[in-house]
Amino acid sequence: QEHMAESGGGVVQPGGSLRLSCATSGFDYSHPDLCMAWYRRPPGKEREAVASISGEGNIRYADSVKGRFTISKDNAANSPTLILQMNRMNTDDTGMYYCAATYLRWQCRELRSFGYWGRGTQVTVAS
């Protein structure tokens, strides 16, 4: 059974950095269309996609985080860990961060309706 669990959230000052991790298990990691992503939900706003890695290894970022955030996968273990390195953070980066996954190419392409989710980790940027 697929499982995802985020960690690494916390409070950081503007301009600071945080590294989020998403431990995964139970997925078919050899599936060519396995896509993973980070989402966030700012306070009082809709959930939004932050970054994604497609089954082919294509990486996309939201315009608001380009050049500051980096998504990657640590494949050292049998169950890869999804990473989000966040640098030069600002108050707009505050929110609950979730990792998500899908095996459906259209969901990855449109970044919606992902079927697998973690419970989230809170990130707060404040001075």
Side-chain angles (χ1 to χ4, degrees):
Q1 184 173 357
E2 294 86 352
H3 182 69
M4 308 183 84
E6 305 89 343
S7 62
V11 180
V12 62
Q13 291 186 340
S17 299
L18 273 180
R19 180 181 174 91
L20 302 183
S21 297
C22 174
T24 71
S25 63
F27 287 92
D28 178 1
Y29 298 102
S30 64
H31 194 294
D33 292 328
L34 178 60
C35 172
M36 294 189 177
W38 285 98
Y39 280 76
R40 67 186 179 190
R41 187 190 297 276
K45 297 183 180 180
E46 296 290 320
R47 187 173 61 195
E48 60 186 14
V50 175
S52 65
I53 299 181
S54 74
E56 299 167 327
N58 296 320
I59 291 177
R60 291 191 291 169
Y61 295 99
D63 288 342
S64 60
V65 307
K66 280 181 182 176
R68 301 188 298 119
F69 289 13
T70 302
I71 187 172
S72 62
K73 281 194 290 185
D74 180 355
N75 295 315
N78 289 331
S79 297
T81 298
L82 187 67
I83 305 291
L84 185 68
Q85 177 66 45
M86 304 184 291
N87 299 326
R88 291 186 284 126
M89 300 179 71
N90 57 60
T91 54
D92 290 338
D93 296 322
T94 294
M96 184 70 78
Y97 282 68
Y98 303 88
C99 54
T102 178
Y103 291 105
L104 298 180
R105 192 171 295 186
W106 73 265
Q107 291 180 348
C108 187
R109 183 176 60 247
E110 298 183 16
L111 290 175
R112 63 185 182 95
S113 303
F114 277 49
Y116 305 98
W117 293 86
R119 292 188 175 185
T121 185
Q122 177 66 38
V123 171
T124 302
V125 184
S127 55

Contact summary for [X] and [Y], nearest pair of heavy atoms:
{"X": "Gly118", "Y": "Tyr98", "value": "O-CD2, 3.6 Å"}
{"X": "Met36", "Y": "Ala101", "value": "CG-CB, 4.0 Å"}
{"X": "Tyr61", "Y": "Ile71", "value": "OH-N, 3.0 Å"}
{"X": "Met89", "Y": "Leu18", "value": "SD-N, 3.8 Å"}
{"X": "Leu82", "Y": "Cys99", "value": "CD2-CB, 4.1 Å"}

Between [X] and [Y], is there a donor-acceptor pair closer than 3.5 Å when you use the side chain of the first and the backbone of the second?
{"X": "Tyr29", "Y": "Leu34", "answer": "no"}
{"X": "Thr24", "Y": "Pro80", "answer": "yes"}
{"X": "Arg68", "Y": "Arg88", "answer": "yes"}
{"X": "Ser79", "Y": "Ser25", "answer": "no"}

Evaluate the side-chain proximity of [Y] to [X]: yes if any heavy-atom separation is below 4.5 Å, no if none is.
{"X": "Asp93", "Y": "Met86", "value": "no"}
{"X": "Ser17", "Y": "Gln85", "value": "yes"}
{"X": "Ser64", "Y": "Asp92", "value": "no"}
{"X": "Pro43", "Y": "Thr94", "value": "yes"}
{"X": "Glu6", "Y": "Leu20", "value": "no"}
{"X": "Val125", "Y": "Pro14", "value": "yes"}

Test log, rule side chain to side chain contact (heavy atoms under 4.5 Å, CB included), inputs Tyr116 and Phe27: CA-CA 10 Å; Tyr116 305 98; Phe27 287 92; 3.8 Å; yes
Geometric cation-pi criterion Arg41 and Trp117, 6.0 Å radius, 45° cone: no
query: Is it true that Met4 and Tyr97 fall in one hydrophobic cluster, defined by side-chain heavy atoms closer than 4.5 Å?
result: yes
From [X] atom [atom1] to [Y] atom [atom2], the distance as rounded to the nearest 0.5 Å:
{"X": "Asp33", "Y": "Arg109", "atom1": "CG", "atom2": "CZ", "value": "10.5 Å"}
{"X": "Arg112", "Y": "Arg47", "atom1": "CZ", "atom2": "CZ", "value": "12.5 Å"}
{"X": "Leu84", "Y": "Thr121", "atom1": "CG", "atom2": "OG1", "value": "11.0 Å"}
{"X": "Cys35", "Y": "Tyr103", "atom1": "SG", "atom2": "OH", "value": "12.0 Å"}
{"X": "Arg19", "Y": "Ser72", "atom1": "CZ", "atom2": "OG", "value": "6.0 Å"}
{"X": "Ile83", "Y": "Thr70", "atom1": "CD1", "atom2": "OG1", "value": "11.5 Å"}

Sorted by chain and number, sequence neighbours left out, ring-ring contact (aromatic ring centres under 6.0 Å, His included) with Phe114 holds for Tyr39
The salt bridge (charged side-chain N to carboxylate O under 4.0 Å, His left out) partners of Glu48 (sequence neighbours excluded) come to Arg40
Verify the distance criterion only: is there a donor paired with an acceptor across the side chains of Ser30 and Asp28 at less than 3.5 Å? yes
